[in-house]
Amino acid sequence: MKLPAFEYACPATVAEAVTLLASRDEAKLLAGGQSLVPMMAFRIASPSLLVDLRKLSELRRIDITTDGVRLGAMARWRDIEDDARLDTAHPLLKAAIAHVAHYQIRNRGTVGGSIAHADPAAEMPGIAVACDAEIAVVGTAGSRMIRADDFFIAPLITALAADEIIVEVRLRAWQAQRRWGFQEFSRRRGDFAMAAAAVFYDVDASGKARNAHIGAIGVGDRPVRLTAAEAEVNGKVVDQAVAERACAAASAAVDPQDDIHASGAYRKSLIGTMVERALMSACAQH
Ligand SMILES: Cc1cc2nc3c(=O)[nH]c(=O)nc-3n(C[C@H](O)[C@H](O)[C@H](O)COP(=O)(O)OP(=O)(O)OC[C@H]3O[C@@H](n4cnc5c(N)ncnc54)[C@H](O)[C@@H]3O)c2cc1C
């Protein structure tokens with residue numbers, strides 16, 4: 001289908017982009033276009049002005065310091081995929097992003113676009129919540145940081161104000177001995193997750209898990225932490241029995257709705273299996 005008519009602007013600075021975005025109610029940012037353009041084609045979105053962020057090369061940086069990883073909003077999936085530093089700086093992120101869509105989409109889709117789009121089955125919002133990421137945004141009132149857990153409200157709805165632009169997603173420093181696992185089930189390679197689990201924990205001197213983080217993707221109207229499953233892991237030496245108890249806790253904690261892809265009961269069971277497999281792959285490391 002043809003797109004509805006729109007005006008187009010391609011600012012050279014973030015400040016200019018904010019001004020353009022705030023200039024009218026129906027303005028929308030364009031990043032990779034991999035979600036917005038299909039929505040325009042289907043008339044789900046009909047912005048009168050598209051503010052293209054493609055010239056803002058400073059937003060495409062991936063910075064890695066002792067504080068953690070800073071992903072510029074315009075960093076593309078392929079930038080993450082190609083960045084060998086992330087193999088050690090954030091292996092969980094890298095493993096998750098390998099599941100995003102197909103080559104052509106990974107070549108254009110961006111971190112900021114995915115976070116702003118807030119699809120509950122998307123990998124990047126799930127990683128942001130599982131890892132306690134912070135989202136740096138800039139608007140006409142200045143800049144602010146939003147915790148990922150406060151950012152995602154419902155499908156396609158976020159805490160972002162209409163005049164705000166995501167500039168960066170910050171992930172805390174990855175601990176060298178950390179155990180982690182990412183498991184996703186989808187009907188076909190590259191499809192959105194039917195359910196996925198992102199898991200990590202640290203190990204103390206006695207081999208027991210602490211600081212467990214277990215995130216669930218695709219089983220609700222936003223990505224969530226599964227704190228009951230985390231409680232089954234913390235303070236334990238992770239093994240099959242612990243993973244099975246976390247599996248049960250994960251399934252019990254979610255209440256997914258039926259949809260055209262799967263029943264809620266199926267997804268409820270599936271997330272438990274994903275958590276169990278992710279924990280088993282984590283405890284097999286080192
Ligand atoms: C066939 C297909 C399969 C896909 N499969 C997957 C998948 O398996 N997993 C997955 O996670 N994604 C998947 N996607 C989505 C893809 O990852 C997109 O790249 C992602 O949703 C972000 O889109 P984008 O960067 O192209 O942003 P756009 O489409 O350009 O924008 C998306 C939304 O974000 C807003 N926006 C963009 N940048 C910013 C910013 N910096 N600040 C504030 N708002 C902003 C836009 O205004 C728009 O509302 C798929 C897409 C397609 C077409």
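First listed ligand is number 1; within each ligand, the first listed atom is number 1. Computed over heavy atoms, backbone and side chain alike; hydrogens, waters and symmetry mates excluded. All figures in this text were calculated on a predicted structure; none of them were measured in a lab.
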*Asks:* Out of Gly113, Ala118, Pro125, whose heavy atom sits nearest atom 37 (C) of ligand 1?
*Replies:*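 Residue with the shortest heavy-atom distance to the ligand atom: Gly113.
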*Asks:* State whether the shortest distance between N or O atoms of Arg108 and N or O atoms of ligand 1 falls below 3.5 angstrom.
*Replies:*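 No: no nitrogen or oxygen of Arg108 is under 3.5 Å from one in ligand 1.
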*Asks:* Taking the side chain from Glu232 and the backbone from Ala229, do they hold a donor-acceptor pair closer than 3.5 Å?
*Replies:*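 No; judged by distance alone, with no hydrogens or angles, the pair does not exist.
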*Asks:* Compare all side-chain heavy atoms of Trp174 with those of Leu92 and state whether any distance is below 4.5 angstrom.
*Replies:*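 Touching, per the 4.5 Å side-chain cut-off.
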*Asks:* Provide, to 0.1 Å, the distance between atom 21 (O) of ligand 1 and the closest protein heavy atom, together with that atom's residue and name.
*Replies:*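 Of every protein heavy atom, Ser35 OG, 2.5 Å lies nearest to atom 21 (O) of ligand 1.
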*Asks:* Using a strict 4.0 Å cut-off to heavy atoms of Ile165, name the atoms of ligand 1 that fall inside it.
*Replies:*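 So the atoms of ligand 1 that pass are 41 (N), 42 (N).
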*Asks:* Can you list the ligand 1 atoms lying under 4.0 Å from a non-hydrogen atom of Ala73?
*Replies:*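 Those atoms are 41 (N).
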*Asks:* Decide whether an N or O pair under 3.5 Å exists between Ala101 and ligand 1.
*Replies:*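 The answer is yes, given that Ala101 and ligand 1 share an N or O pair closer than 3.5 Å.
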*Asks:* Say whether His102, considering both its backbone and side-chain N or O atoms, lies within less than 3.5 Å of an N or O atom on ligand 1.
*Replies:*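 In this structure, His102 places no N or O atom under 3.5 Å from an N or O of ligand 1.
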*Asks:* Is there at least one pair of N or O atoms, one from Leu30 and one from ligand 1, spaced under 3.5 Å apart?
*Replies:*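 Not met; the criterion fails.
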*Asks:* Side chain of Ser263, backbone of Tyr266: donor and acceptor closer than 3.5 Å?
*Replies:*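 Side chain of Ser263 to backbone of Tyr266: a pair is present.
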*Asks:* Does only the side chain of Leu53 get under 4.0 Å from ligand 1, or the backbone, or both, or neither? Count heavy atoms.
*Replies:*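 Side chain only; the backbone of Leu53 stays clear of ligand 1.
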*Asks:* For Leu160, is at least one N or O under 3.5 Å away from an N or O on ligand 1?
*Replies:*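 No.
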*Asks:* Would you please indicate yes or no on a ring centroid separation below 6.0 angstrom for His99 and Phe182?
*Replies:*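 Close enough - the centres of the two rings lie under 6.0 Å apart.
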*Asks:* Return the residue, atom name and 0.1 Å-rounded distance of the protein heavy atom closest to atom 53 (C) of ligand 1.
*Replies:*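 Answer for atom 53 (C) of ligand 1: Gln34 O, 3.3 Å.
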*Asks:* What protein heavy atom sits nearest atom 31 (O) of ligand 1, and how far off is it?
*Replies:*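 Nearest protein contact, heavy atoms only, for atom 31 (O) of ligand 1 is Leu36 CB, 3.9 Å.
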*Asks:* Could you tell me which atoms of ligand 1, counted from 1 in the order shown, lie closer than 4.0 angstrom to a heavy atom of Gly190?
*Replies:*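 Listed by number with element, the hits are 5 (N), 8 (O).
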*Asks:* Evaluate the side-chain proximity of Met40 to Pro47: yes if any heavy-atom separation is below 4.5 Å, no if none is.
*Replies:*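 Yes, at least one pair of side-chain atoms sits under 4.5 Å.
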*Asks:* Evaluating non-hydrogen atoms only, which member of Val169, Leu59, Leu156, Ile105 is closest to atom 3 (C) of ligand 1?
*Replies:*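 Nearest option to atom 3 (C) of ligand 1, by heavy atoms: Ile105.
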*Asks:* I need the nearest protein heavy-atom contact for atom 13 (C) of ligand 1: residue, atom name and distance, please.
*Replies:*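 Nearest protein contact, heavy atoms only, for atom 13 (C) of ligand 1 is Phe192 CZ, 3.1 Å.
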*Asks:* Using a 4.0 Å cut-off to any heavy atom of Lys28, which atoms of ligand 1 qualify?
*Replies:*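 With Lys28 as reference, the close atoms of ligand 1 come out as 47 (O), 49 (O).
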*Asks:* Any salt bridge between Arg172 and Asp132, counting N to O under 4.0 Å?
*Replies:*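 Salt bridge present between Arg172 and Asp132.
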*Asks:* Ion pair present between Arg24 and Glu7, side-chain N to carboxylate O less than 4.0 angstrom?
*Replies:*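 Counted as a salt bridge, because a side-chain N and a carboxylate O are separated by less than 4.0 Å.
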*Asks:* Should you measure from each heavy atom of Asp191, which atoms of ligand 1 turn up under 4.0 Å away?
*Replies:*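 By the 4.0 Å cutoff, the relevant atoms are 8 (O).
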*Asks:* Under 4.0 Å, heavy-atom basis, I'd like to know which part of Ile166 is in contact with ligand 1: side chain, backbone, both or neither.
*Replies:*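 It is both backbone and side chain that touch ligand 1.
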*Asks:* For the pair Lys94 and Asp83, find out whether any cationic side-chain nitrogen is under 4.0 Å from an anionic carboxylate oxygen.
*Replies:*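 Asp83 and Lys94: not salt-bridged.
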*Asks:* Are the side chains of Asp221 and Gln257 in touch, meaning some heavy atoms are under 4.5 Å apart?
*Replies:*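 The answer is no; the side chains never approach within 4.5 Å.
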*Asks:* Salt bridge between Arg187 and Asp191, side-chain N to carboxylate O under 4.0 Å?
*Replies:*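 The answer is no: the pair does not qualify as a salt bridge.
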*Asks:* Nearest protein heavy atom to atom 25 (O) of ligand 1, by residue and atom, and its distance?
*Replies:*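 Result for atom 25 (O) of ligand 1: Thr110 OG1, 2.6 Å.
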*Asks:* Quick check on the 6.0 Å ring-centre criterion: do Trp180 and Tyr201 meet it?
*Replies:*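 No, ring centres 6.0 Å or more apart.
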*Asks:* In plain terms, say whether Glu81 and Arg76 are close enough for a salt bridge, that is, a side-chain N and a carboxylate O under 4.0 Å apart.
*Replies:*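 Salt bridge flag = no for Arg76 with Glu81.
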*Asks:* Using a 4.0 Å cut-off to any heavy atom of Ala31, which atoms of ligand 1 qualify?
*Replies:*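 Those qualifying, in numeric order: 25 (O), 27 (O), 30 (O), 37 (C), 38 (N).
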*Asks:* For the side chain of Arg222 and the backbone of Asp149, is there at least one donor-acceptor N/O pair under 3.5 Å apart?
*Replies:*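 Present.
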*Asks:* Compute the shortest N/O to N/O distance between Glu164 and ligand 1 and return yes if it is under 3.5 Å, no if not.
*Replies:*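 No; the residue has no nitrogen or oxygen that sits under 3.5 Å from a nitrogen or oxygen of the ligand.
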*Asks:* Just distances here: any N/O of Ser114 and N/O of ligand 1 closer than 3.5 Å?
*Replies:*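 Ser114 vs ligand 1: no N/O contact under 3.5 Å.
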*Asks:* Looking at ligand 1, does Met124 have a heavy atom less than 4.0 Å from it?
*Replies:*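 Per 4.0 Å heavy-atom rule, Met124 does not contact ligand 1.
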*Asks:* Nearest protein heavy-atom contact for atom 11 (O) of ligand 1: which residue, which atom, what distance?
*Replies:*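 Nearest neighbour among protein heavy atoms for atom 11 (O) of ligand 1, to 0.1 Å: Glu123 OE1, 3.0 Å.
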*Asks:* Between the candidates Ala116, Ala75, Gly218, which shows the shortest non-hydrogen contact distance to atom 36 (N) of ligand 1?
*Replies:*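 Comparing heavy atoms across Ala116, Ala75, Gly218, the nearest one to atom 36 (N) of ligand 1 lies in Ala116.
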*Asks:* Could you check Asp259 against Arg267 for salt bridge (Lys or Arg N to Asp or Glu O under 4.0 Å), going step by step and ending with a plain yes or no?
*Replies:* CA-CA 10 Å; Asp259 64 24; Arg267 276 205 168 89; 2.8 Å; yes
*Asks:* Looking at Gly32, which atoms of ligand 1 are within less than 4.0 Å of one of its heavy atoms?
*Replies:*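 Reading through ligand 1 atom by atom, the close ones are 24 (P), 25 (O), 26 (O), 27 (O), 30 (O).
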*Asks:* Same cluster or not: are Ile146 and Val111 linked, directly or through other Ile, Leu, Val, Met, Phe, Trp or Tyr residues, by side-chain heavy atoms under 4.5 angstrom apart?
*Replies:*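 Yes, same cluster.
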*Asks:* Could you tell me the residue and atom name of the protein heavy atom closest to atom 17 (O) of ligand 1, and the distance to it rounded to 0.1 Å?
*Replies:*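 The closest heavy atom on the protein side is Trp77 NE1, 3.0 Å.
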*Asks:* With heavy-atom distances below 4.0 Å as the criterion, list the atoms of ligand 1 near Gly109.
*Replies:*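 Within the 4.0 Å cut-off of Gly109, ligand 1 contributes 19 (O), 25 (O), 26 (O).
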*Asks:* With Asp202, which of Gln175, Arg178, Lys208 fulfils side-chain hydrogen bond (donor to acceptor under 3.5 Å, both in side chains)?
*Replies:*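 Among Gln175, Arg178, Lys208, the one that satisfies the side-chain hydrogen bond (donor to acceptor under 3.5 Å, both in side chains) with Asp202 is Arg178.
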